[in-house]
Amino acid sequence: MRAWLFSHSKENPMINSATFWDNVADKYAASPISDKDAYQYTLDRTRSYLRASDHVLELGSGTGSTALLLAGSVDTYVATDISPKMLEIGQRNAQEQGIGNVEFVATDAGDAASEGAAYDAVLALNLLHLVPDLPAALANAHAMLKPGGHFISKTICLPEHGFPLKFHAMRTALPIMRLLGKAPPVFFYRIDELEEAVQKAGFEIIETGNHPAQPPSRYIVARKL
C-alpha cells in the first residue's frame, strides 16, 4: 500500500509517539475542536450504531473526550491510548463528571488485540493516519470484534481534487516539525486506498462521508464479515 509518509526517524515509532503525546497532553486537552459541526455530526452518527448493551473499545482515545460523550449510550467502554498522560486527564474528567463505565488503559492496538476480548464496536477516530502499519491495525480491530460488530473510523486523507493551501502548508511543515520533535509520524492515504484496506481486512463498508470536506477527514462505518 502506498502512503505519503512524513517521518525521517528510524527509531521505534510507537515509543516516539507515546513520548510526543505525553509531552503535548495538557495543550491537546485545552485545544478547542476545529470543526464543531463535523465533530457533532460524526458523533451522532457513531452513537446511532451503538446499543445500551454494547461493549465498546476505542483505540487512540487521547484524553477520552469522545469516550465520555458516548459512554452513556453503551454498557462498558474501554478507552485505550499509548499516552499515559492523556489517559490520566481522561480518568480525571470521568471522575469529575461521575462517569463510571469507562476504563482507561495505556496500550497500543496490537497489545489490546492480544488480550482476545470481543467487542460490539471498535472505534479508531483520528488515529489511522498515525499508525505505522495500517493493515496490521485493521486486522487487529477485526480480530477484536464480534461477528457483525462495527468498526468506526475517521481519518484525515489526501485531497481528492488538488491540494488546498492549508494542506500544502501542513505537508511542508510536518517533516521539519518531526525532526524537531514537535510532531509524531504521520501517514496520508488516498480515500480509495483507505477504503480498500478496510475491505481487505474483512469488513463491509456501510457508511462513508467526509467530515470536514477539506482536507477530507474520511468517516467510515464498516461491519465485520
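All figures in this text were calculated on a predicted structure; none of them were measured in a lab.
- Rounding to the nearest 0.5 angstrom, the gap separating the OG1 atom in T208 from the CD1 atom in I220 is 7.0 Å.
- Between the side chain of N101 and the backbone N or O of A71 there is at least one donor-acceptor pair closer than 3.5 Å.
- L225 is not connected to F203 by any chain of hydrophobic side-chain contacts under 4.5 Å among Ile, Leu, Val, Met, Phe, Trp and Tyr, and they are in different clusters.
- Cluster partners of L125 are I33, Y39, L43, Y49, L50, V56, L68, L69, L70, V74, Y77, L87, I99, V102, F104, L123, I152, I206, Y219, V221, counting Ile, Leu, Val, Met, Phe, Trp and Tyr whose side-chain heavy atoms approach within less than 4.5 Å, directly or via other members.
- Under the side chain to side chain contact (heavy atoms under 4.5 Å, CB included) test applied with S83, the options V24, D22, T19, I89 reduce to a single match, D22.
- For the pair V122/N140, no side-chain contact is recorded, criterion being any heavy-atom separation below 4.5 Å from C-beta on.
- Ring geometry, H211 versus Y41: the interplanar angle falls from 30° to 60°, so the pair is classed tilted.
- Taking the six-membered ring for Trp, H142 and F151 have ring centres at least 6.0 Å apart.
- Scanning all heavy atoms of the two residues, the minimum distance from C157 to I191 falls at CB-CG1, 3.8 Å.
- For D120 (side chain) and H55 (main-chain N/O), a donor-acceptor pair under 3.5 Å exists by modelled atom type.
- Distance alone, capped at 3.5 Å, is enough to place a donor-acceptor pair between the T80 side chain and the E58 backbone.
- M144 and V105 fall within a single hydrophobic cluster, where Ile, Leu, Val, Met, Phe, Trp and Tyr are joined by side-chain heavy atoms under 4.5 Å apart, directly or via other members.
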Quiz item: What do the steps show when you test H129 against T155 for side chain to side chain donor-acceptor pair (under 3.5 Å), and what is the final call?
Solution: CA-CA 6 Å; H129 63 289; T155 311; 5.5 Å; no
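- The shortest heavy-atom contact between A143 and K224 is O-NZ, 4.3 Å.
- Taking all atoms of both residues into account, the shortest heavy-atom contact from P212 to D35 is CB-OD2, 3.4 Å.
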